[in-house]
Undergrad: 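Please find one structure pasted underneath; my questions will follow.
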Amino acid sequence: MQIKYCFLVSLFLCSTYYISGQLQTPVTKKEAKIFTEHGNQRTDDYFWLRNRSDSNVINHLKAENAYTEAYLKHTEDLQKKIYDEIVGRIEQKYESLPFKENGYWYYSRFEEGKQYANNYRKKGMMNAQEELLLDVNELSKGYKIYLLRDWALSRTNDVLAYAIDTAGDRRSILYFKNLKTGELFPEKISNASANIVWTNDAKTIYYVLNDYTVRPYKVMRHTLGTDPKNDQEIYSEKDSTYGVSLSNTRDNHYIFIHSGSTTTSEVRYLNASDANAYPVLIQQREKDLLYAPTNAEGNLFYIRTNLDAKNFKIVSAPIANPSKQNWKDFIPHKPNALLQRVEVLKDYIVIQRKENGLNKITITNRKNNASYNIDFGNAAYVANFSLPTDEYNSDSIRYSYMTITNPNAQYGYNLSTKQKKLLKQDKVEGNYNPDLYETIRIWATATDGTKIPVSLAYKKSLLKKDGSNPLYLYAYGSYGANSEPFFNSSIISMLDRGFVYAIAHIRGGQELGREWYENGKLLKKKNTFTDYVDAAQYLVKEKYTSSHRIVANGVSAGGMLMGAITNMRPDLFRVVIAEVPWMDVITDMFDASLPLTTLEYDEWGDPNKKEYYDYMITWSPLDNVKKVKYPSIFATGGLNDTQVPYFSPAKWVAKVRENNLGTNPVLFKVNMGAGHGGESGRFERQKLISMKYVFALDQLGWNEQTKTYVAPRAF
């Protein structure tokens, strides 16, 4: 392979060059920084990479990108082919189903060849004249990243407030557009979180500011047409382990200020019809008490809470005195089912729970208290309901249904007749036939006997179940976030090349309820890692794959999972793809100036407390890199990432290379202009997906001409 150029960086820092025709791995400068913590000493040789204002750091990241590009140069044709396949499946002209709010139908639409969806509305009826709200494709011109984080209409429907992030760092600018004239109001508000709620007077808006760690912490009130310097502070969260957000009831009678940590909530409400309203506390924070109002009806709030209900229940509370001593059970707790969402309508209650790892939707008729479930079977699927309008007396809902290999279908469902109607079936271009593929769910057994659900997808004609199939194993396992088996059109390119695609629903998520989450955090965090390893070993045992054919993949906290399992079992995985991975757990959790650190003490533990430090030091990916033969590694990062700083994967990659006793490549691809989510355009983001897939295929010995895998080399 040939390299056209290289970045000339001081050789003691990082070199990307050829010696005797061989591509040389970057060598990162070592500059020891010693930490002394609880009587223990740690050394970080790559701490200097944190300083992004240092030109040496930027040159280092550019050199890493040059090395990655050079290493994968011979795969460019296959990258282009797979990119074309993925983009070729995208429904070029796509329009969302409309939803009705305050007399208007709102929807978005992608036009053919465009990166972004534009936003539209029609007044009263869907056959009314279309009105363009935001031409995002036009607004995004000149920007590498353009994220519409949030938007909200005034109650008079003539002013649009919207939040734009052009760096990917979660710091938004708020704009206000006059929909009658199409012009912007002169004021704009910087450093806002993506959270906007209007009062009912059509000129007052609430928003949230970030602090220097990008923690949303301060609620402000702005009057349209005035200087934001004069905005009034409504609430400020002093506790750095809490963040703030806003919401409102469906009828916009009330606005809620949510203040919460991972395990504790505190909520205040405002009268949305009073532009000078003062926030009223619902229930004072108590450790481990979670609650959030979901609906208001008459003189009652309906509140989702874990009070004496690990998997949550709904209580009613009088608005005049909503503290917990006045809470009454409205929808009782079910110990074996996580209550996710409830909507209260005039004649019906719609409940969504996760039971046995699958979503269940239950309808209750309020007149006769009769209940029934919408049946989805028992395959690995995703089902969610939504309301098509903001009307309290509605007798209809919508629900969506998909699997990994079956694209999303959206149905209208009449709550009284139980009749359903297919409203929209997402299209997959390129002659995709879902009947050629299969999605199933199996249960792996963990070392401690726990059963772990695993979703699998494969092309029927290519599954041999003799251990010869390569397998792509994805997982997340943190924050109680579920790894749902969503339809994934990009993975088809791997299924068509013989891969089995697997999602391990490991502890740390909430697939099997709140306890599933609690058993994968803090002093039980290692369950997340061992579950993943055990799931991989089970898939080998059942001959879906072999250890030298497994591609491990995770993103963000799932990327941290990749670091942990790579240290634990480097022999079990052939390829590890760690996307925006958080690897330097101890150092970052000691640094309260970093984004997210203080907000996450209840997730990972506070290392200032020796009990948590002693446990975290045993699994922190960067601190447990050792001298072994590592699998092939592809890591990514974003220079503007305020959730996982770029230097976390950068340091991990350098330390793995330093300790790697094998010859497998360790690559690092950093986006120099994006944040945690990478590229914002729907086509542009597919380039990195294609690159990571091709890296895996190349390491497994895929031959695109013969459509076969050459036996992977030993390592």
Undergrad: Are Thr362 and Asn373 close enough that a side-chain donor and a side-chain acceptor fall under 3.5 Å?
TA: yes
Undergrad: Decide whether Trp582 and Asp588 meet the rule of one side-chain donor and one side-chain acceptor closer than 3.5 Å.
TA: yes
Undergrad: Going by distance alone, is a donor N or O of one side chain under 3.5 Å from an acceptor N or O of the other, for Tyr613 and Asp606?
TA: no
Undergrad: Between the side chains of His676 and Ser556, does any donor sit under 3.5 Å from an acceptor?
TA: yes
Undergrad: Within a strict 4.5 Å, meaning less than it, do heavy atoms of the Phe634 and Tyr71 side chains meet?
TA: no
Undergrad: What's the separation between atom CG in Leu147 and atom CG in Asp169, rounded to the nearest 0.5 Å?
TA: 9.5 Å
Undergrad: Do Gln537 and Arg569 pair up side chain to side chain, a donor and an acceptor below 3.5 Å, judged on atom types alone?
TA: yes
Undergrad: Under 4.5 Å between any side-chain heavy atoms of Glu355 and Lys334, yes or no?
TA: yes
Undergrad: Give a yes-or-no answer on whether the side chains of Ser478 and Lys525 include a donor-acceptor pair shorter than 3.5 Å.
TA: yes
Undergrad: Looking only at the side chains, is there a donor atom on one of Asn519 and Lys524 sitting less than 3.5 Å from an acceptor on the other?
TA: yes
Undergrad: Just wondering, do Pro453 and Trp516 contact through their side chains at under 4.5 Å, heavy atoms?
TA: yes
Undergrad: Just so I know, are the side chains of Arg304 and Leu339 near enough to count as touching, which here means a heavy-atom distance under 4.5 Å?
TA: yes
Undergrad: Check the side chains of His505 and Ser455 for a donor-acceptor pair under 3.5 angstrom, ignoring hydrogens and angles.
TA: yes
Undergrad: Any heavy-atom pair between the side chains of Ile633 and Val656 that's under 4.5 Å?
TA: yes
Undergrad: Are Asn359 and Lys354 close enough that a side-chain donor and a side-chain acceptor fall under 3.5 Å?
TA: yes
Undergrad: Between Tyr458 and Glu438, is any side-chain donor less than 3.5 angstrom from a side-chain acceptor?
TA: yes
Undergrad: Before accepting this row, confirm whether a basic side-chain N of the pair Arg507/Glu518 lies closer than 4.0 Å to the acidic partner's carboxylate O.
TA: no
Undergrad: Flag yes if more than 12 heavy atoms outside Glu515 fall under 6.0 Å of its CD atom; otherwise flag no.
TA: no
Undergrad: Could you check whether Ser259 and Glu237, counting side-chain N and O atoms only, form a donor-acceptor pair closer than 3.5 Å?
TA: yes
Undergrad: Are Tyr401 and Asn408 close enough that a side-chain donor and a side-chain acceptor fall under 3.5 Å?
TA: no
Undergrad: Both conditions, 6.0 Å and 45 degrees, for the charged tip of Arg285 above the ring of Tyr291: are they met here?
TA: no
Undergrad: We want to know whether Thr597 and Asp591 form a side-chain donor-acceptor pair, criterion being a heavy-atom distance below 3.5 angstrom.
TA: no
Undergrad: Does any donor atom in the side chain of Lys526 or Thr618 lie under 3.5 Å from an acceptor atom in the other side chain?
TA: yes
Undergrad: Just checking, is any N or O donor in the side chain of Asn384 or Gln352 under 3.5 Å from an acceptor N or O on the other one?
TA: yes
Undergrad: Tell me whether the NZ or CZ atom of Lys33 lies within the 45° cone about the ring axis of Phe35 and under 6.0 Å from its centre.
TA: yes
Undergrad: Do the non-hydrogen side-chain atoms of Ile442 and Tyr538 ever get within less than 4.5 Å of each other?
TA: yes
Undergrad: Under a 3.5 Å threshold, yes or no: a donor from one side chain and an acceptor from the other, between Arg574 and Ser547?
TA: no
Undergrad: Do you see a donor-acceptor pair shorter than 3.5 Å between the side chains of Asn567 and Tyr630?
TA: yes
Undergrad: Any salt bridge linking Asp165 with Arg170? Criterion: basic side-chain nitrogen under 4.0 Å from a carboxylate oxygen.
TA: no
Undergrad: Are side-chain N/O atoms of Thr642 and Arg171 paired as donor and acceptor at under 3.5 Å?
TA: no
Undergrad: If you define the side chain from C-beta out and look only at heavy atoms, does anything of Met560 sit under 4.5 Å from Trp619?
TA: yes
Undergrad: Measure the shortest side-chain to side-chain distance between Val580 and Gln643 over non-hydrogen atoms and say whether it is less than 4.5 angstrom.
TA: no
Undergrad: To the nearest 0.5 Å, what is the distance between NZ on Lys30 and CH2 on Trp48?
TA: 13.0 Å
Undergrad: At what distance, to the nearest 0.5 angstrom, does CD of Glu484 lie from CD1 of Ile503?
TA: 8.5 Å
